[in-house]
2 protein chains.
Amino acid sequence: MLHPLSVCGTIGPMSTSPGAPALGIRATARREVTARIRAEGRRQLASEGAAGLSLRAIARELGMVSSAVYRYVPSRDALLTELILESYSALADVAEAANASVPDQDDLEARWRAVWRAIRGWAFAHPHDYALLYGSPVPGYRAPQDTVAPASRVTGSFAALLVPLATAGGSVPVPVAVPESLSASLESTRAFVGEGVPDDLLLRGLMAWAGMFGAISFELFGQYEGAFADRDTYFDYVIDQWFVLLGGPPA
Amino acid sequence: MLHPLSVCGTIGPMSTSPGAPALGIRATARREVTARIRAEGRRQLASEGAAGLSLRAIARELGMVSSAVYRYVPSRDALLTELILESYSALADVAEAANASVPDQDDLEARWRAVWRAIRGWAFAHPHDYALLYGSPVPGYRAPQDTVAPASRVTGSFAALLVPLATAGGSVPVPVAVPESLSASLESTRAFVGEGVPDDLLLRGLMAWAGMFGAISFELFGQYEGAFADRDTYFDYVIDQWFVLLGGPPA
DNA sequence: AACAAAGCAGAGCGGTGCTCTTGCTTCCCC
DNA sequence: GGGGAAGCAAGAGCACCGCTCTGCTTTGTT
């Protein structure tokens, strides 16, 4: 439909900030087209899901021939990976914003609730993205190592609550003795979360992590279908339960 | 390669049980071919995953032309649905067998451990099948209503442990007050699990259910990557923790 | 023996990812 | 300013997919 260069020639230069290193027509055009491809890809991903992400369809929608897209995107899987990384960052932003939005930062329960409500809200607002991050790996597609770092940012906003829980809260209720070998193999997790978190809290944190995402996944993927009617109340109940099970101080 | 009928004509009649209602040559041939298609589909599903399930590939492997397969299978998704149903049943069989294999049926902790170890073992033995059952729904494919019943059989072998837990065990540790509306909306779950299970145990059972499958999924899908080294010990620890958190009686 | 049902093979439609060649345009450097 | 190098669009093409339709053969039954 539209010739990319013609558009870039008009609005491209206007959109470059003054301090930018004076990109040529070619470079800004490339930026524009790349951005438009990603935007269209995101649109397809949101509406059709990962399997509906098709470079041919993107090209069709953007009025270019399919082979032209390969000038900007190395492959379909590469584009999918980029979109996944974007999604991880978006979810991490949402979680961190929710955590920061709590006025009284000493109110751990409020922060805990805010973070998990935000994560669940994002999951239901972007089900296909969530499925990509926390569902089964996409068929025929293997997540490259690059996804580990952005994923850990989401985990981080959850792990950041464990340290204040360890200091402000009491001990973990109904603790279970931690086997020696398990305790020894937790070093990387201990380093990630931070100092001052005892092993039983660390392990119950791992359980809570999987438990919360498991609850969201079960709800989103239909496993909880028919189990209860009042979904929001159930999830809030789960949030509160986990806060208690992690030894969170009562309000 | 092989002409289906030629094979069926030889081994088909031999495989029909004597008491069977005297299937004609045609009917037994149809059975044979259908079974072979399903077997080949299962093979592909196990090795390539759901996306690798291709009727054309099945036809190629079976030495027939692609259109011929459609005489036996209405569509690719229909075959996938059948295989999913089979997988649900297989997992349910595994779980029930593990439960029944415990000599002392009064030892709830042993039964609890046996069931979950079996489920996890099956998940790792059949990762693609597990992803189909408990991962994100397959792109472009929506599980029909038929999957609900077989899925509940798996859930049932887990829910069956809640009733003896309620009677033999004490109360749920660190209970959290159940909101009125939530309690009211639990009727179907209460009916499914059985009488005599208080609401807080019912709810924590739902949490444990999602938590255990969440832990398996996290481990299988790579979310736990690098969190701990001793995976088996960790999972056993999670099993024990949940047993305690459900108020299971100490050994 | 005749007939209708069942089954097979092949061509074909529209879709996918991806590659290669061909010609053109822009850029950069001499 | 001119020329070479690099970037780009277009199109054809390959191999794959699900699925359909048309003939033709085989089969089981009447």
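In the text below, chain A, chain B and the rest are named by the order of the sequence lines, each starting its count at 1.
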Checklist outcome for this item: Residues at least two apart in sequence or cross-chain that pass side-chain hydrogen bond (donor to acceptor under 3.5 Å, both in side chains) with B:Arg113, listed by chain then number, are B:Asp240
Checklist outcome for this item: With sugar-phosphate taken as primed atoms, P, OP1 and OP2 and all else as base, the protein-contact string of nucleotides 12-24 of chain D at under 4.0 Å (heavy atoms; B, S, -) is -B---BBBBB---
In whole Å, what is the span from the [atom1] atom of [X] to the [atom2] atom of [N]?
{"X": "B:Met64", "N": "D:dT25", "atom1": "CE", "atom2": "P", "value": "21 Å"}
{"X": "B:Glu32", "N": "C:dA6", "atom1": "CD", "atom2": "C1'", "value": "17 Å"}
{"X": "B:Arg30", "N": "C:dA5", "atom1": "CZ", "atom2": "P", "value": "15 Å"}

Next on the checklist: Tell me which pairs pass salt bridge (Lys or Arg N to Asp or Glu O under 4.0 Å) where either residue lies in residues 121-131 of chain A, with sequence neighbours left out.
Outcome noted: A:Arg42-A:Asp129
Without placing hydrogens or testing angles, list every side-chain donor-acceptor pair under 3.5 Å for residues 212-219 of chain B, not counting sequence neighbours.
residue  : atom : partner  : partner atom : Å
B:Ser217 : OG   : B:Tyr130 : OH           : 2.9
B:Ser217 : OG   : B:Phe213 : O            : 2.9
B:Glu219 : OE1  : B:Arg120 : NE           : 3.1
B:Glu219 : OE2  : B:Arg120 : NH2          : 2.7

Item to check | Partner set under side chain to side chain contact (heavy atoms under 4.5 Å, CB included) for B:Ala114, not counting sequence neighbours | outcome: B:Ala98, B:Val102
Checklist entry - B:Arg153: what forms a salt bridge (charged side-chain N to carboxylate O under 4.0 Å, His left out) with it, not counting sequence neighbours? => result B:Asp93, B:Glu96
